[in-house]
Amino acid sequence: MNRRLALLVLPLLLAVAGCTADKAGDEPAPRPAAAERPSPFRDCATLGTAPTAAATPGSGTKTPGTTAPAAGGQALPELTLSCFTGGAPVALRSVAGPAVINVWASWCPPCRKELPAFQRLSQRTTGQLQVVGVNSRDSRSGAQSIGEDFGVRFPILVDQGEALQRELKRNAIPLTLFVDADGRIRHIDATGALDDAQLAKLVRQHLGLTVPA
């Protein structure tokens, strides 16, 4: 009787042991890699081309009653930075002015606060000046999320080593450079988050341009 019982139970034990072994030996199928989200930012291909109005003498973009800023100002540093969207690296000195260059990071609260104002400045001054971002010491996913959440569309350069800040001898961000048509830095603002009115005032004061309402 005991022998007969053992013969009946043994196949069941072997079957159970085999299923367990098979399961233990199985590896889960690898998950397909998630498709990379398209960048919200514009590419950098046109950064070397001067704004249409700035390239046309007498175009009427200057603020009435003002004169062009006096000669002077320092040249942009000789740096080459990657473009967030890929493609050829960009020599910072090749960015055709007038331009407003904003250094920012997703982990910086005042940077996040002011980015929508820079996007509006970009939209309001199409053909007058270029608005360019420099993403500093940030993660790609963090920068991408900010661009998506805040609707930032202007071109973004990447400076993970803070080379631009070191060249300018500035530590804090946000940092905003106002660059004239000759590629000279007319003003560097490090006062904190800028709003629409402050940006319009600084563009008028340092670049002699009116920002349309």
Side-chain angles (χ1 to χ4, degrees), residues 33-52 54-55 73-123 125-126 129-190 193-194 199:
E36 186 174 346
R37 306 198 307 270
S39 167
F41 310 118
R42 208 173 78 228
D43 65 47
C44 304
T46 62
L47 289 182
T49 303
T52 308
Q74 69 182 101
L76 284 166
E78 289 189 27
L79 293 175
T80 298
L81 301 175
S82 299
C83 181
F84 193 94
T85 59
V90 176
L92 197 59
R93 286 191 175 181
S94 72
V95 175
V100 173
I101 301 176
N102 177 243
V103 185
W104 66 280
S106 64
W107 45 262
C108 160
C111 298
R112 296 196 301 269
K113 183 177 180 180
E114 70 178 5
L115 274 170
F118 281 92
Q119 174 59 28
R120 289 188 291 271
L121 177 67
S122 175
Q123 294 171 322
T125 59
T126 300
L129 78 153
Q130 303 203 78
V131 176
V132 185
V134 176
N135 186 242
S136 177
R137 198 160 55 87
D138 204 356
S139 68
R140 183 176 180 86
S141 60
Q144 170 119 358
S145 294
I146 289 296
E148 293 169 343
D149 293 346
F150 294 168
V152 178
R153 299 293 177 262
F154 49 83
I156 301 294
L157 301 176
V158 179
D159 183 16
Q160 301 295 33
E162 300 182 357
L164 177 55
Q165 291 163 257
R166 291 200 309 272
E167 288 288 334
L168 298 173
K169 297 180 173 54
R170 304 285 183 131
N171 294 321
I173 57 174
L175 200 63
T176 304
L177 285 59
F178 295 81
V179 182
D180 67 17
D182 296 323
R184 313 290 293 185
I185 301 173
R186 311 306 313 194
H187 177 67
I188 299 176
D189 189 274
L194 297 171
L199 275 174

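A donor-acceptor pair is defined here as one N or O able to donate and one able to accept, closer than 3.5 Å; no such pair exists between the side chain of Asp182 and the backbone of Arg184. With hydrogens and angles disregarded, no donor-acceptor distance shorter than 3.5 Å links the side chain of Thr46 to the backbone of Thr49. Distance alone, capped at 3.5 Å, is enough to place a donor-acceptor pair between the Glu114 side chain and the Leu194 backbone. A distance-only check finds no donor-acceptor pair linking the side chain of Arg42 to the backbone of Thr85 [under 3.5 Å]. Distance alone, capped at 3.5 Å, places no donor-acceptor pair between the Glu162 side chain and the Arg137 backbone.
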Original post:
After noting the C-alpha distance and the side-chain angles of Leu168 and Leu177, does the key distance pass the side chain to side chain contact (heavy atoms under 4.5 Å, CB included) rule?
Top reply: CA-CA 10 Å; Leu168 298 173; Leu177 285 59; 3.9 Å; yes
Subject >> Full working for side-chain hydrogen bond (donor to acceptor under 3.5 Å, both in side chains) between Asp159 and Ser136 >> reply: CA-CA 5 Å; Asp159 183 16; Ser136 177; 5.0 Å; no
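Scanning all heavy atoms of the two residues, the minimum distance from Cys44 to Ile156 falls at SG-O, 3.9 Å. Minimum heavy-atom separation, Ala75 to Ile185: O-CD1, 4.1 Å. Counting all heavy atoms, side chain and backbone alike, Ser106 lies closest to Asn135 at N-ND2, 4.4 Å. Trp104 and Gly133 make their closest contact through NE1-CA, 4.0 Å (heavy atoms, listed as atom of the first residue, atom of the second, distance). Residue Thr80 comes nearest to Pro89 through the heavy atom pair CG2-CB, 3.5 Å, listed as atom of the first residue, atom of the second, then distance. Phe41 and Ala143 make their closest contact through CZ-O, 3.5 Å (heavy atoms, listed as atom of the first residue, atom of the second, distance).
By the 4.5 Å heavy-atom criterion applied to side chains, Pro77 and Leu164 are counted as neighbours.
Evaluation of the side chain to side chain donor-acceptor pair (under 3.5 Å) test over residues 145-154, restricted to residues two or more places apart or in two chains, returns Arg37-Glu148, Gln144-Glu148.
Residue Arg186 holds its CZ atom at 12.0 Å from CD1 of Ile188, rounded to the nearest 0.5 Å. Atoms CD1 and OG, from Ile146 and Ser141 in turn, are 10.5 Å apart once rounded to the nearest 0.5 Å. The CG atom of Asp138 lies 7.5 Å from the CH2 atom of Trp107; values are rounded to the nearest 0.5 Å. Expressed to the nearest 0.5 Å, how far CG of Asp180 lies from CG of Leu129 amounts to 12.0 Å. Of the inter-residue distances, the one linking Cys83 atom SG with Leu157 atom CG reads 6.0 Å to the nearest 0.5 angstrom. In this structure, CZ in Arg120 is found 10.5 Å from CG in Leu115, a value given to the nearest 0.5 Å.
The aromatic rings of Phe178 and His187 lie tilted to each other, with the angle between the two planes from 30° to 60°.
The residue from Val179, Thr176, Val132 that alone fulfils the side chain to side chain contact (heavy atoms under 4.5 Å, CB included) condition with Val100 is Thr176.
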